[in-house]
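Letters A, B, ... are given to chains in the order of the sequence lines, protein chains preceding strands, and every chain is numbered from 1. These numbers come from the heavy atoms of this one structure, side chains and all, not from hydrogens, waters or symmetry mates.
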Number of protein chains: 2
Amino acid sequence: MIETDHQLSTCMSILKPVRDSLDVLNGKWKLPIIVALTFGEKRFTEISKEVHGITDRMLSKELRDLELNGLVRRNIEESYPVKVTYQLTEHSKSLRSVIDSLKDWGILHKQRLAEECREYKKVKKVLIK
Amino acid sequence: MIETDHQLSTCMSILKPVRDSLDVLNGKWKLPIIVALTFGEKRFTEISKEVHGITDRMLSKELRDLELNGLVRRNIEESYPVKVTYQLTEHSKSLRSVIDSLKDWGILHKQRLAEECREYKKVKKVLIK
DNA sequence: CGGTATCCGATAGGATACTG
DNA sequence: CAGTATCCTATCGGATACCG
């Protein structure tokens, strides 16, 4: 296997966009919030109730992050009392394939680790005999 | 849009495998290390030189994590002096499509943010006039 | 209702020194 | 060469209280 500078720099160049994607999804709450908004717009307290365990502070912060990244839109209805809703943007729909890909690999990976574990137990059994 | 418990729980059930995948790739150094090992097995110091800025401590820790997740294999050649090499496993190859997916979306997302920025500048220009 | 402010502990990761 | 040990800092996220 011959490694040229060209090959190496080509490979390194994928790191930045991959990191950008990971950063957008990173943290404990981004995904659960996105899932909660999948079936239409919701109010702050509704999201809070659906995303179990999240504090107001984190929900507020994460919604702001998602808005800055163009994944969520914040709507203010000028009624009385004022009603604030959040919804996913069109852009957020493009995440679908990424999330599917991550989900599929996650499942595959778990199976792989389980197999490894069975292998280990087999070996251990033989050794004990 | 009607939201049933069934729909919601189906959607929530993707969260765990997605999180598993993200956890495997998470941290500052996992991807760069994987890339460094893409062109064949390497020794500790070789990886250290290719992954710019990583400390011995982090390289050691991250290699152990990757090994535990079955992505990297550690080989000890019983020569004199002992030679330790690291290489990607077959299982790690299955990451390819995930990384490609993340890369593609990362690029798309950057473009999307750039467009948004141009929109903003246009609006600002009009407002100044 | 839709948040913000403050404080606090846990974890990620950097710097440096040392070892078989 | 291939790491480990120790110490330090910064960021993440939880708990609680408060506000218009």
Of the listed nucleotides C:dG14, D:dG3, C:dG2, the one nearest the side chain of A:Thr45: C:dG2

Test side-chain hydrogen bond (donor to acceptor under 3.5 Å, both in side chains) applied to A:Asp20 and B:Lys110, B:Lys103, B:His109, the passing residue: B:Lys110

Any base atoms under 4.0 Å from A:Gly27, or only sugar-phosphate, or nothing? Heavy atoms, all strands. sugar-phosphate

Choosing from D:dG3, C:dG3, C:dG14, which nucleotide comes nearest the side chain of A:Arg74? C:dG3

Provide, to the nearest angstrom, the distance between the CD1 atom belonging to A:Ile54 and the P atom belonging to C:dT4. 13 Å

Examine D:dG3: is either OP1 or OP2 under 4.0 Å from a nitrogen or oxygen in the side chain of B:Lys61? Give yes or no. no

Under the 3.5 Å rule, do the base of D:dG13 and the side chain of A:Arg57 count as making a donor-acceptor pair? yes

Is B:Arg64 close enough to D:dA2 that one of its side-chain N or O atoms is under 4.0 Å from OP1 or OP2 there? no

Does D:dT4 have OP1 or OP2 sitting under 4.0 Å from an N or O in the side chain of B:Ser60? yes

Take the protein atom CG of A:Leu59 and the nucleotide atom C1' of D:dC12, then report the distance between them rounded to whole Å. 16 Å

Got A:Asp65 and A:Lys30 here, is their nearest side-chain heavy-atom distance under 4.5 Å? yes

Starting from B:Leu113, can I reach B:Trp105 by hopping between I/L/V/M/F/W/Y residues whose side chains sit under 4.5 Å apart? no

Closest of D:dG3, D:dG14, C:dG14 to the A:Trp29 side chain is D:dG14

May I have the distance from B:Phe44 (atom CZ) to D:dG3 (atom C1'), rounded to whole angstrom? 5 Å

For B:Asp23 and C:dA12, give me the distance from atom CG to atom C1', rounded to whole Å. 14 Å

Once you round it to whole Å, what is the distance between C1' of D:dA2 and CD of B:Glu46? 12 Å

In whole Å, I'd like the distance from the CD atom of A:Glu67 to the P atom of C:dG3. 10 Å

Can you find a heavy atom in the side chain of B:Thr85 that is under 4.5 Å from one in the side chain of B:Phe44? no

N-O pairing of B:Glu67 and B:Arg73 below 4.0 Å: no

A:Glu77 has an atom CD; how far is it from atom P of C:dC1, in whole Å? 15 Å

Tell me which nucleotide among D:dG3, C:dG13, D:dG13 gets nearest to the side chain of B:Tyr86. D:dG3

Heavy atoms from C-beta onward define the side chain here; which of D:dA15, C:dG2, C:dG14 lies closest to that of A:Thr55? D:dA15

Among C:dG2, D:dA2, C:dG14, which is the nearest nucleotide to the side chain of A:Arg43? C:dG2

Rounded off to whole Å, could you give me the CG-to-P distance for the A:Leu63 and C:dT4 pair? 10 Å

